[in-house]
Structure formats: structure tokens, C-alpha cells
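All chains are named by letter (A, B, ...) in the order of the sequence lines, taking the proteins before the strands, and each is independently numbered beginning at 1.
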Amino acid sequence: MSQGTGHYYVPAPSKWPIVGSSALFFLGFGAVFTMNKMPVGYWSLAIGFAILIYMLFGWFGEVARESESGKYGAQEDKSFRWGMSWFIFSEVAFFAAFFGALFYMRALSIPWLADAEHDLLWPDFAGGWPTAGPGITEQFTPMGAWGIPAINTFLLLSSGVTVTLAHWALKENRREALKLWLLATIALGVVFLGFQIYEYGHAYADLNLKLTSGAYGSTFFMLTGFHGFHVTIGTIMLIVIYFRCAAGHFKPEHHFGFEGVAWYWHFVDVVWLGLFIFVYLV
Amino acid sequence: MSSKSVAALVGSITLAFYSGMAFSSKYNFQEPQSVIARDIYDQHIMLLWICLAIFIAVFGVMFYSILKHRKSLGYKAANFHHSTAVEIIWTTIPVLILIAMAWPATKTVIAMKDTSEPDITIKATGYQWLWGYDYLQGEGEGISFYSKLSTPPAQMRNKEPKGENYLLEVDNNLVVPVGKKIRIITTANDVIHAWWVPAFGVKQDAIPGFIRDAWFTAEKPGIYRGNCAELCGKDHGYMPIVVEVMEQDKYAEWVAEKKKATAGVVTTAAVEN
Amino acid sequence: MAVVQDVHGHHDHHPTGIMRWVAATNHKDIGTMYLWFSFSMFLVGGFLAMGIRAELFMPGIQILEPELFNSFTTLHGLIMVFGAIMPAFVGLANWQVPLMVGAPDMAFARMNNWSFWLLPVAGLLLVSSFFVPGGAAAGGWTFYPPLSTQGGIGVDMMIFAIHILGASSIMGAINIITTILNMRAPGMTLMKMPLFVWTWLITAYLLVLAMPVLAGVVTMLLTDRHFGTSFFNAAGGGDPVLFQHIFWFFGHPEVYIMILPAFGIVSEIIPTFARKPLFGYSSMVYATASIAILSCVVWAHHMFTVGMPTVGQLFFMYATMLIAVPTGVKVFNWTATMWRGSMTFETPMLFAIGFIFLFVIGGFSGVICAIVPIDIQVQDTYYVIAHFHYVLVSGALFSIFGAVYYWLPKWTGRMYDEKLGKLHFWLSMIFFNMAFFVQHFLGLAGMPRRIPDYSLQFADFNMISSIGAFGFGLTQLLFLYIVIKCIRSGEKAADKQWEGATTLEWTALPSPAPYHSFETPPVLK
Ligand code: HEA
Ligand code: HEA
Ligand code: CUA
Ligand SMILES: [Cu+2]
């Protein structure tokens, strides 16, 4: 609960936030311009990403240095824990919006569109799932659950185990095992992403399943896409953590940087389970 | 002024004002012309009185306190800071009041939703920015036409004096017979619109790709005016709804005439989607 | 507990000039920036409101073409909500939460800075969208598709502005929660926290819950616009109404995000000037929590006209009405706090009482809106406009004015001009009611909202409303003058300027509060 007898580290004025804001300035305008087919947009996006990466390295680097030089005590550690927990909560809310859209379409809007009342507008629509909706005529094949998605489920679940093994190793100060398990986790993440990219290619090339394939295509790609994006972020974070481990960072009793990433990874895992069940399986 | 005279003054002003609301349509809902609209009207008046009573009770106490319990009068502060009994009382009383409000409302909701067994069914389709009407069932079946604002632009640009029904007039009124249950089916062609006629207590969004419905039974012949009630772009303010309610025999005449005129013309249903 | 301040940040070595603000990690500097930003956005949003009221002064098209009028309405709503009211409350939290719980600063000082400096970027996206081809977004602050699927580049700018604002709010909220949960002085148990802190804790929770949902829904809108998805398109199996459900799942908690901190402020001001402890402290806390929880299950009361199934309508009606109960508890508690107090009526107290008086009117009109049959008539009319300006302007905004008058002496070490403050209050009170009370009548009589022109029977009330609005707008310039005058040449304020104040910032700190306060935590009884 409240402050102990330690001290609280209040950082000096920092340039990183304003650097981050200027990155978002370029990214925001860049995205707007690109989406409206103005070539300057690409430049703006590129500049924005460059600044963002610079900012992330600089900012997190500074935090890592502060942490390693022992500036953070128990109370700062607790702040980080609260902060990370609430951040993950916000991510849950974000995914909830997309899952909500999926449930709404499947349970409400598609049956409505198919009911007798709506024969007035959509006489031929029979409803059911998967569907591209009553007004999209292009056919597609839905993605089966037991091929790549099942393998990917296995991969991600295993990666949850390996990251936990890495955590145990860290707590027992077995540094080699720590690095090994981390590497395994990263590898599993990368393979997962590889499979997902392959799956997308397969969807477009062979199944004629696209973003434009109505309700099914929209929810399929948006849910798996945002999840894949989170796996990418998580993998990058794991790689950073790996290099920090290699550089001798983290102590058995003080390693929130590691734990935060592990929490995030587990979160991504759980979301995938939701996806596997509701997007692929049923 | 003494606190009593202030209270008396405030009280009489509000009362005058409230009775004004009850009698003059300028301060209140338009005169209801259907059962549902009348229910709504009455419930609104009831709610106003309840709210007024709570308002007077709460602010009576508060302003009494403000007038009497002030430092400048040398009033010394008491030091109490809770009382479970009082708190329970003022949690339960509002619950009871709310139940009293919800009861009639529930009945009206159920009645509003009952669109079964209409005499006439009319589809109203919202377009940017006009309405299309198709008589789907009942007397007049097959009639279909568009209904569009007829106020001349010069009036809107302040170049001509504004007519009596400025912005509330259309080229083709929607015509229905008096005393019949009319079911309005709404949908839209582009964006969401809303079909609204205050006198009938009907407001129903018209959603592209979906069908929704509502009903009314007009009590008196006459012309009733409403607006599109969902922002639908530039001319959202310029797509009124005008319903002309006719005696049964006049309506039959109108149907016959309309049938003759529209024979052979492409109906809106064909342009649909 | 001592604070370790980084070397170059220590005491008077902090950077000066522009870098003090750009690189700030001090909660007071950041709070100040939030407040000034919010006030300037209030002027921009107010300017748009003046445009709206000028257009509506008389029937006929006066100064704004219909499309531009819609952009004015849309941006007025967005800027007031996201640019003025929310940042003002976050600014107040930045200043006051650490002072009131006895913390040295916010938990994440750098992230705090970022939360702020994202706002000008988003503000720029919004304001500059007026000047792009096709103009600013014109689909209302609720930007329902398919209308907002139609719009031009301005809509995309709005979407990205909302993403950035959302990121800012989430970071701000996480920061506030962490500060409150982790940085209280020893002995400051949860149930000893000042109510302002409590209400902000609950508000921050709502923010973390609601803002990502908004981000999600604008993302779906974006992909529907540009990448051919069909979330809100019936032809693809989606539904325009789905947008409304997700939007209002955010939107309704959002309106409580804008009122709960106001409840907190009023709960600080009333006991101070009644010189009597707050009545029913714990029931206040529970009421706030109940409002927050209920607010998550009432969203569809904004959608009574979309044609939901009957059970849906009834459920959302009952749930909405229930919110009157905990809110009533608050009003009664404030009244009981005043009862047999020893009251004085300085400007903050006037705004607090004005708040209660007018907020209750707004609350009543809310309950009337919640009754489905009545809402069928008033939905999308000026009645709703009247309802929410009573809760947002004379609610949220009045509480912010009250808070600024209340804490200015602590922030600046100087007193504002009491006479002018009172004048500001009374003028605001009169003009506000003139502008918005008559809008109830307009709505009842059938004037739709979001229209640039109206039929003749609405002419008188609209003119009254516009005159009131102009008066209200001009009055706010007086507020600016009062604040500047206070900062420049106000009289010296006492450490405990208000006799009845009991919270830490008054009892444990000098005025103005030092740049670094509570480097050693205060001792609590
Ligand atoms: C600060 C913001 C705020 C607050 C606090 C509220 C509070 C409430 N609002 Fe409001 N509302 C908005 C902001 C807010 N609202 C906005 C911005 C919109 C429009 C959005 C848009 O479309 O653009 C809106 C719209 C809106 C609608 C939709 C109207 C429509 O579009 O058709 C409804 C309907 O139910 C509603 C209801 C309520 C209710 C029941 C409350 C309750 O919380 C009020 C509770 C308070 C009281 C009741 C008073 C005190 C209580 C007592 C003294 C106890 C005794 C009382 C009784 C027993 C009645 N609001
Ligand atoms: C969140 C807070 C908030 C605040 C504080 C306000 C403040 C005001 N609002 Fe509102 N308003 C909304 C939120 C808010 N609003 C929302 C969410 C909508 C819905 C939008 C939508 O439909 O999408 C809305 C819509 C809305 C409408 C309906 C528009 C329509 O449907 O077409 C109107 C009309 O009168 C209006 C008026 C005003 C006025 C006169 C003020 C005044 O209080 C403003 C006073 C302030 C100033 C004027 C600034 C200070 C002074 C100057 C800049 C000097 C210049 C002064 C003069 C020239 C006189 N607002
Ligand atoms: Cu059609 Cu508004
Ligand atoms: Cu609401």
C-alpha cells in the first residue's frame, strides 16, 4: 500500500516524451496522407517510425540503466507492477471490442438479416456462419482450425511454458538456462509468426479469403491481425530482454523488466486461446 | 427579503411556469394525436411534477440551510457526519419513486412495440435527402412515390419572406386514413435517417440494409409534420415528413387517383439497393 | 522517506525557459500545462459554439453553409469533450493527487509528460482538419457510420486524433491509479483519502476500461473506410448499429468520466466552506463506485430509437434509471453537509452550490430521457442538448471553475479577486440558464439537433438561447482575466487560505506549494 521507508525515484527532465510526440505527429499525419493516396504520407510514416524507434531505444535504455544502477527500490518496483497490470487490462478491453463485434455479428446481425422480415431487402440470404453477408457475392473458403492454427496453438502454449522455465532459471540464477529458454521462447514466437504469414498468403491465394470477405473476413483478419501484431511486439520485447540478459542485467530478486515481458507474453497467449476457440473452432 | 417571501416568490413563479407548460404547446410536447403520443404526453407531465416535488424538497432544505446556517449570522458549525438511518431512507425513497415512474413506461413500451395486425403497411425509405414511400399492404397497396422538401431555396437564403410551413412542407404528402393502424417499416438507402412525427409519438431510425418498424393510429384528420431525426449529412435539416390524415372515403379517392397516375412508372422498390 | 531526485533535476537546477515545460517531469508543471491547454481548447470549442449559436440566431442560413455547420457541431463536441473537459480534470489530478495523498510526484513522471505532449498533436490533427479538402469531420461527435464512412480526409484526421487522445488518456489514467495505489503517505489508508482522490481513482479505472474500446471502434471504422471490411455494413453481414453499441459502451462511461471528478471537487469544496466534515464519507465512496459500475451496463439508452428488441429497451431503461439512486445519495450528502454548518460563500462555494443546483436539473432531464417512451420523442432533439449541457457545462465546467478558484491560492501563492470571481459566477449562472433552459422547450416542441436552420415556431427561443450563449462566452473572458490578474498581482495568500480546509495541501504545505513537495512524507494522525 503506501510508501515504505525507502525512497522514490523521480527522474530528471527528459527529452524522450517530446521525441515520442513528434514521432506520433509524423505517424498520425503520415497515416492520414497514405490512406488518402498522397505519396508524402510514406515519407511521413518513415520519419515517424524512425523517430519512434529512436525514442523507444533511448527511453527504455534510460530506464534499463536506471534500473541496473540500483535507482529503483521496492516501491518503484511496485509502481511498475501496477502500471503493467493496468496496461494489460487496457489491452484486454481493446480486444474485447473486437470479440464483441464478432459475437454481435454471429449472434445478432446475421440472423436478423436472414429472418423473414428482411426478405424484403435480402430475399436470398440464408444466414449461418461463416458468411460474407447478404450483399457480397464473391465466394471464399473459411480457414480450418486443425491445420496451421492448431500447430500455432501448440507453439504459443509451449512458449508460455518456456518463458516460465526461463523465469525459474532467472530466479535460481542459472544464467545459461535462462538464456536458452528465452531463445526457445523467441524461436517459438518467430515460428508462430512465420506460420501466420504463410496462413495469410494461403487465405488470399487459395481460399479467396480476404479482408473484403464480409463479416467473416473482417473479423478473421482483424482479430488474428491484431493478435499477430501483439505477438510481434512481444517477440521484440523478448529479444530485447534476451540481450539484456546476455549483458548481465536482472538479478534473481529484482527483475521486473523480465516479468513485465513475461506477463505480456502470457496475455498474448490467452488472447490466442480465445481466438482459436471463437475464430477458428466454433 | 425574508426567506419566506423568497420561497413564496420562487414557488409561485415555478407554479406559473409549470402550468404554462401544461397548457401551452410552445413549452411542451406538440398536441398528441395518437394513443401512444398521449401516453407519452401524460407521463412526461407526471415526471415533471415528481421532479418538481423532489427539487423543492431538496433545495428547500438546502436553501434554508444556506440562509440560516451562515457564518455571517454567527451560526456555529455542528459536527455530525453520518447517520445510517437517514442514509437508508434516502436510498429507498428514490427507488420507490423510480418504480412508480417505470411502471407506466413499461406498459407503453410494450404497446409501442406491438406492430402486429396493421391495416396498412407502408415502407419509408430514407435517401440523402428525401423520403421514399411504398404502400406494401392494405388499401393503397402498390402506391409508391418520393417525398421531398418543397420550400424554395430563396426562402432559406433570406431572399424571400419565409412561408408559414417553412422547412416543414413537401411535394408529396404521405397520405393515410384516419383511425386505421398504420405500420411504418423503415429502411434507408445510404446512411441512417429517422422517421419522426411528434404528434403520433413515432420516431424510428431507418437503417441501411435493415428493416425496422413502428405503428400509429391517427385520431383526427389533419396534416402533421415532422423531421428526419438522425444526422444524415449536409441536408439533414431539409428532409421533413408530412403526413396527411384523411377521412376514409377521401382516402379511397386519393388511392384511386394515385393508382391511375403511377401506373407504368418505375417504383422506388425497383431502384432499391 | 526521502526522495531521490536525479542530479540535474534537483531543486533549483531544473531547466528553465521552454525546456522546463517541454521536458518537464514535475507534476505541478505538467498539471499547469494541462490546465492551460484545456483552457485554450475551451476557447476553440467555445468559438465553434458561438458559430453554431450565430447561425441559429434566426431562421434561414446566416453565416455557415450546412456542411460547415455540421463540422462546427462535430468539432465543438469533440474538442469540448476531449480537449477541454477531460484534460482539465487530468490537470487538476496532476496538481492535486500527489499533494492530497502526500506523494512526492506522480508514479511515472516521464510518462506523465508524454500523456500531456500527445494532446497538442491530437489537437492539431483536429483543428487543422478544417483546412483540408472536404473539410473537417461532419458526422457529429458520435460519428455514426455509414455517414462517417462517407466523409473525406477530415474523418481520417479525426480517427487518428482519437487514437492519440486515447493513448494519452490511458497513460494518464494508469499513472493516476498507480500514484494513488502505491504512493500514499504512511497512514493514508484508502478510506482516509480525500474524495477528490477517490473519485479520480474510479474515473481512471473507467478510462482504462473505456478508451481502448473507443480505439477499437475507430479502428474498425478506419478499416471499413479504407480496407473494405464490413463491420458496419449490412451487405457484408455487419450492422451500422453495431458501431453505436461499441461507441456507447465507451460513450456512456465517458460521460461519467467527465462528472465523477466533478463530484470529487464539490465534495472537497462544500465541507471546507461549511466548516463541517463531509456527511456520509463512506457512502460517497460507495455511491461513486456504484455509478461507475452501473455506467457500464446502460449504454444503449442512447439508442432507444434504433429499434432494439423490447427486452433490451426495458433492461437499459431500468438500469439507467437506477443511476439516479447513487447520484441522489451524493446530492443528499452534500445537502446534509451544509446543514447546520457555518457557511461562507466565496467563489468556489458559489460554483459548488451552482453546480449542485443545475446538475440536479440536468440529472432530472436525464431521467426523463431514460424513460423509453419519452425518449422516443426527445431523442435527437434540443431536449437532449439541454440535458447534457446542464450536466457538462453547469456540471463539469462549473466544478472546474470552482476547483481553479479553490486551489489557485495554493498553486500561485496569491489570491484571486473575490469580487470579480463572484461576478464571474453570477454572470455565468444567468447567461448559462438563458442559453440552455429554453432549449428544453425547443426540444419538447420538436426541434431536432444538428440542423443549421429550423422552422418558424422555434425562432424566439433560439434567439434567446443565442443571446445567452454570447453572454456566457464573453463572461468566460472575464475568467481568463481573473486568473491572469491573480498570477501577476494577486494579494499574498495564506498557507491555509480557507479556514475550513482539512486536506494535506492546506495543512502540510506552504502557499505556493514548493516545486518539490513531500520529499519526506507528511505524518498523518
Ligand atoms: C457529465 C455528463 C453526463 C451526466 C452526468 C449524465 C447523466 C445522466 N444522463 Fe446523460 N447524456 C450526456 C451526458 C451526461 N449525462 C451526454 C453528453 C448525452 C448526449 C450524447 C449525444 O447524443 O451527443 C447524454 C444523453 C443521455 C441520454 C440519451 C438521450 C438521447 O439521445 O435520446 C439519456 C437517456 O437515458 C441520458 C440519461 C442520463 C441519466 C439518467 C443520467 C443520470 O446519471 C442523472 C442522475 C442524477 C439525478 C437524477 C439528479 C439527482 C438525484 C436526486 C436528487 C435523487 C432523486 C431523483 C429521482 C428519484 C429521479 N443521457
Ligand atoms: C463537453 C463540454 C461542452 C461544453 C463546455 C459546451 C459548451 C457550449 N455548447 Fe455544446 N456541445 C457539446 C459539449 C459541450 N458544449 C457536445 C458533446 C455537443 C454535441 C455535438 C454533436 O451533436 O455532435 C454539443 C452541441 C452543442 C449545440 C448543438 C449543436 C447542434 O446540434 O447542431 C449547441 C447549440 O447551441 C451548443 C452550444 C454550446 C455553447 C453555447 C457552449 C458554451 O458554454 C461555450 C462558452 C465558451 C466560449 C464561448 C469560449 C470563450 C469565449 C470566447 C472564445 C470569446 C469569444 C466570445 C464571443 C464571440 C461572444 N453545443
Ligand atoms: Cu435524413 Cu437526417
Ligand atoms: Cu449515457
Side-chain angles (χ1 to χ4, degrees), chain A residues 1-18 20-21 24-25 28-29 31-32 35-36 59 71 75 78-79 82-83 86-87 89-91 93-94 96-98 100-101 104-105 108-110 112-113 131-136 210-212 214-218 221-222, chain C residues 1-9 14-15 19 22-25 104-105 107-110 113-114 117-118 121 125 153 156-157 160 164 170 174 177-178 181-186 188 208-209 211-213 215-217 220 223 226-231 234-239 242 245-246 521:
Chain A
M1 133 14 296
S2 38
Q3 309 164 4
T5 43
H7 52 68
Y8 202 86
Y9 177 77
V10 178
S14 165
K15 71 173 182 193
W16 297 117
I18 194 77
S21 288
L24 280 185
F25 170 85
F29 278 93
V32 169
M35 286 186 183
N36 290 280
W59 192 333
K71 289 196 167 116
Q75 205 186 345
K78 217 169 191 172
S79 281
W82 278 122
W86 285 94
F87 170 65
F89 176 58
S90 80
E91 292 270 35
F94 181 77
F98 287 90
Y104 180 94
M105 287 184 194
L108 299 172
S109 67
I110 288 170
W112 281 334
L113 288 167
T131 176
I136 294 180
K210 307 181 190 144
L211 257 181
T212 47
Y216 185 83
S218 309
F221 282 107
M222 292 299 278
Chain C
M1 185 202 83
V3 178
V4 173
Q5 199 71 42
D6 222 27
V7 234
H8 23 277
H14 58 81
M19 283 316 281
V22 170
T25 46
D105 205 297
F108 306 107
R110 278 178 294 231
N113 174 314
W114 203 24
W117 278 105
L118 285 176
V121 177
L125 272 165
I153 183 169
D156 296 317
M157 297 175 83
F160 285 105
I164 295 174
I170 293 169
I174 291 176
I177 295 181
T178 307
L181 291 181
N182 193 33
M183 298 191 56
R184 279 167 286 129
M188 174 71 78
V208 181
L209 179 75
M211 295 309 288
V213 175
V217 79
M220 293 180 219
T223 57
H226 292 289
F227 303 108
T229 57
S230 306
F231 288 104
D239 185 350
L242 168 60
H245 279 291
I246 312 180

Which atoms of [X] approach chain A - backbone, side chain, both or neither, heavy atom under 4.5 Å:
{"X": "C:Ile246", "result": "side chain"}
{"X": "C:Ile164", "result": "side chain"}
{"X": "C:Ile170", "result": "side chain"}
{"X": "C:Leu209", "result": "both"}

### Message
As a quick check of understanding, evaluate side-chain contact (heavy atoms from CB on, under 4.5 Å) for C:Ser230 and A:Ile136, giving each step before the final call.
### Response
CA-CA 10 Å; C:Ser230 306; A:Ile136 294 180; 3.9 Å; yes

### Query
Does CH2 belonging to A:Trp82 count more than 12 external heavy atoms closer than 6.0 Å?
no

### Test side-chain contact (heavy atoms from CB on, under 4.5 Å) applied to A:Gln75 and A:Tyr9, step by step
CA-CA 9 Å; A:Gln75 205 186 345; A:Tyr9 177 77; over 6 Å; no

### Query
Under 3.5 Å, is there a donor-acceptor pair between the side chain of C:Asn113 and the main chain of C:Ala24?
yes

### Query
Any sub-3.5 Å donor-acceptor pair from C:Thr223's side-chain atoms to C:Thr229's backbone N or O?
no

Which answer fits [X], side chain, backbone, both or neither, if we ask what part of it has an atom under 4.5 Å from a heavy atom of chain C?
{"X": "A:Phe87", "value": "both"}
{"X": "A:Met35", "value": "both"}
{"X": "A:Leu24", "value": "both"}

### Task
Kindly compute the distance separating CG (C:Asp239) from CD1 (A:Ile110), expressed to the nearest 0.5 Å.
10.0 Å

### Message
Quick check for you: to the nearest 0.5 Å, what is the distance between C:Leu181 atom CG and C:Met183 atom CE?
### Response
11.5 Å

Please identify, among [options], the residue contributing the most non-hydrogen atom pairs under 4.5 Å to chain C.
{"options": "A:Phe89, A:Phe25, A:Tyr104", "result": "A:Tyr104"}
{"options": "A:Ala132, A:Ala96, A:Pro17", "result": "A:Pro17"}
{"options": "A:Gly214, A:Ser79, A:Gly217, A:Ala93", "result": "A:Ser79"}
{"options": "A:Phe221, A:Trp16, A:Trp59, A:Tyr216", "result": "A:Trp59"}
{"options": "A:Gly135, A:Ala31, A:Ser218, A:Ser109", "result": "A:Ser218"}
{"options": "A:Thr212, A:Ile18, A:Asn36", "result": "A:Asn36"}

### Query
Passes side-chain contact (heavy atoms from CB on, under 4.5 Å), C:Met19 versus C:Val22? Steps please.
CA-CA 5 Å; C:Met19 283 316 281; C:Val22 170; 4.2 Å; yes

Who among [options] has the most heavy-atom pairs with chain A under 4.5 Å?
{"options": "C:Ile153, C:Leu118, C:Val217", "answer": "C:Ile153"}
{"options": "C:Gly236, C:Gly228, C:Gly238", "answer": "C:Gly236"}
{"options": "C:Val213, C:Val208, C:Asp156", "answer": "C:Val208"}

### Message
Test of understanding: with side-chain contact (heavy atoms from CB on, under 4.5 Å), list the residues that count as partners of C:Ala109, not counting sequence neighbours.
### Response
A:Val10, A:Pro11, C:Thr25, C:Asp105

### Message
Does C:Trp117 form a side-chain contact (heavy atoms from CB on, under 4.5 Å) with C:Val121? I'd like the steps, not just the answer.
### Response
CA-CA 7 Å; C:Trp117 278 105; C:Val121 177; over 6 Å; no

